[in-house]
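What follows is a short report on a single structure.
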Amino acid sequence: MLTLENVSVSYGAIEALTDINLEVGAGEVVTLIGANGAGKTTTLRTITSLLNPRIGRVMFEGKQISGIPAHKLVPMGIAMSPEGRGVFANLTVRENLEMGAYIRSDKKGIAADMERGFRMFPRLKERESQKAGTLSGGEQQMVAMARSLMSRPRLLLLDEPSLGLAPLVVHTIFEAIDEIRAEGTTILLVEQNANAALHHSDRAYVLESGRIVMQGDSRELANDPRVKEAYLGE
Amino acid sequence: MSSWVKNLIVGIVIVAVLYVVNAMLSSSGFFGLGVDDYQGRLLAFIAINIILATSLNLINGFTGQFSIGHAGFMAVGAYSSAYFTVNYGKALESSFAFMGEIGAASVVLLIAIVIGALVAALAGLIVGIPSLRLKGDYLAIVTLGFAEIIRIVILNIDAVGGATGYQVPGYANFLWIGIFAVITVVVIHNIVKSDTGRALISIREDELAAEAMGVNTTRYKVTSFVIGSAFAGIAGVLFAHYNKFLSTNDFQFIRSFEIIIMIVIGGMGSMTGAILGAIVVTLLPEILRQLPGIQIGDSVFQVADLRLVIFALILILTMILRPQGILGTREFGLSWLKRPRKDSEGDEGDATDKGVPIAQQSEAKKMQSEEDKK
């Protein structure tokens with residue numbers, strides 16, 4: 001579904017990503033883990049064309065998408081929940097979700113998807129007409145995720161959904177990821193919380209200083225001694 | 001449908017009120033109730049400033065693009081339309097003579113308004129496309145720079161009077177200015193409430209997230225800038241044909257700042273706030289002008305001489321006491337009379353208790369009140 005072929009990205013003279021080859025198949029949950037500054041966000045930014053690869057290309061369903069502006073990717077079926085949540089603070093929860101369906105015009109479908117979002121995160125239903133900026137970090141993350149689903153994406157890009165959240169909320173977020181997967185949406189999950197990410201994904205890539213150093217089945221990687229030592233703290 | 005009818009009725013009522021006020025302002029007066037020129041001019045300038053403030057509010061308050069060059073686009077509208085009326089106004093008036101004196105003058109003014117709006121919109125497009133790639137302070141500096149460039153270019157065009165100023169026929173009266181103020185408010189209100197408006201607000205809230213929702217942020221930023229500039233142009237046309245004289249001094253950067261002050265005082269991102277700001281900023285210096293003198297020993301100290309100092313102090317105090325403006329992002333309306341103001345809807349909450357769940361706040365309050373009972 002999504003393929004990165006030999007992608008290298010530089011910020012000026014500094015190379016941030018070197019020769020990245022990454023594949024996300026339809027229906028999969030693939031996670032990209034790595035420490036701070038490993039290039040996780042850079043990879044997502046390259047996929048959404050906020051950055052352009054110096055070498056290589058990004059393909060989505062057989063079409064090259066590197067160079068296509070981010071807003072045109074939404075109608076193609078890619079949605080992104082940005083790092084730091086990026087909720088529209090002065091809009092209500094409902095208005096935030098409506099913005100998620102910005103490219104759609106089928107009112108019935110939008111209403112149905114909004115109900116689905118509220119079912120997935122009942123907390124948001126309670127907060128429906130509250131301004132998103134007044135919500136807690138976890139609730140804002142729920143808004144960001146529910147919002148990104150409103151465009152009915154085939155591929156969902158999640159940038160550090162558990163960043164800065166309490167363990168209990170992290171649990172809720174990962175349960176939601178399982179639920180989204182069960183509904184058939186493909187997910188590329190970028191995470192620092194390697195433990196949770198590996199337990200809620202099919203395959204994983206480990207990024208270190210802009211290179212993919214390990215890849216494979218998430219369960220196997222979770223048991224790999226090198227991963228355990230470097231990322232799981234065991 | 002029903003809300004549409006309601007809006008139409010409100011519009012007709014406002015125009016009727018404007019007609020009566022206009023008749024009162026005219027020299028003969030309406031049933032002998034003449035308002036003197038000074039108050040009439042003040043009302044007209046309030047209406048012009050409402051056009052300027054609401055249109056700048058679309059760019060600054062709703063789209064979140066900090067532009068401080070609004071006077072430049074006002075100047076473009078004023079001078080382009082004035083050039084048209086000075087050179088072709090009389091000829092057009094005679095060819096529309098069959099509509100009577102007032103009708104012909106109105107046609108000329110309407111054409112002048114279309115010209116002013118279009119030329120100002122074009123200027124907005126030319127300035128907007130390159131400069132809206134910038135953000136925050138940089139955008140502010142560039143728009144300020146462009147406004148000054150526009151002013152200085154006009155200053156050096158002899159065909160519009162250059163440094164000696166430009167005599168313009170007085171086609172505009174209070175009725176026209178009022179009608180266009182109403183049109184501006186209605187149009188911008190509808191834009192803000194539409195899907196386009198939601199896209200603009202999402203850009204203000206988080207540009208990256210807006211882009212991720214599929215909003216073409218560049219296009220919408222330029223659109224809002226062009227619409228704002230067009231209305232600034234209309235304000236310029238009305239100003240030119242009401243004031244009957246144009247000088248580039250009227251469009252210095254201090255004019256742009258005045259418009260900024262209106263929306264900051266009234267509340268960025270509030271339609272009614274911008275209108276209130278326009279009224280306050282236009283009236284306040286005039287009210288302060290009437291302050292009484294104080295007898296100190298033999299001499300009389302005129303407090304009114306300090307009016308600009310007092311004005312500045314009032315602005316500073318407003319910003320200290322209500323940094324989000326008088327109304328913040330709220331709207332003033334009849335609903336204020338119906339329901340008590342609720343804390344949870346306040347916009348000031350954003351700054352102080354960011355990230356605190358409301359449930360916890362109300363729980364805390366509940367606990368406190370229970371403690372109070374004990």
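Here is how names work: the chains are called A, B, and so on, in the same order as the sequence lines, proteins then strands, and each is numbered from 1. Predicted, not measured: the structure shown is a model, and the values here were computed from it.
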(message) Only pairs of heavy atoms separated by less than 4.5 Å count here; which of Met80(A), Lys72(A), Arg147(A) has the most with chain B?
(response)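 Greatest number of close heavy-atom pairs with chain B: Arg147(A).
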(request) Kindly indicate whether the side chain of Phe88(A), heavy atoms from C-beta on, has any atom under 4.5 Å from the side chain of Ile201(B). (result)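 Sidechains of Ile201(B) and Phe88(A): no contact.
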Flag if over 12 foreign heavy atoms under 6.0 Å of [atom1], [X]:
X         : atom1 : result
Asn190(B) : CG    : yes
Lys125(A) : NZ    : yes
Arg123(A) : CZ    : no
Arg198(B) : CZ    : yes

(request) Using heavy atoms and a sub-4.5 Å threshold, report which of residues 210-223 of chain B line up against chain A, by residue number. (result)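 Contacts with chain A: Ala210(B), Glu211(B), Ala212(B), Met213(B), Gly214(B), Val215(B), Asn216(B), Tyr220(B).
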Identify the residues of [range] whose heavy atoms come closer than 4.5 Å to a heavy atom of chain B, ordered by number, or report 'none'.
range                       : value
residues 154-188 of chain A : none
residues 46-61 of chain A   : Leu50(A)
residues 91-106 of chain A  : Leu91(A), Glu95(A), Glu98(A), Met99(A), Gly100(A), Tyr102(A), Ile103(A)

(request) Kindly give the heavy-atom pair with the smallest separation between Ala209(B) and Gly86(A), and that separation in Å. (result)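 In this case the closest contact between Ala209(B) and Gly86(A) is CB-O, 3.2 Å.
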(request) Give a yes or no on whether the backbone of Asn90(A) and the side-chain of Glu205(B) come within a donor-acceptor separation of less than 3.5 Å. (result)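 Pair found, side chain donor or acceptor close to backbone of Asn90(A).
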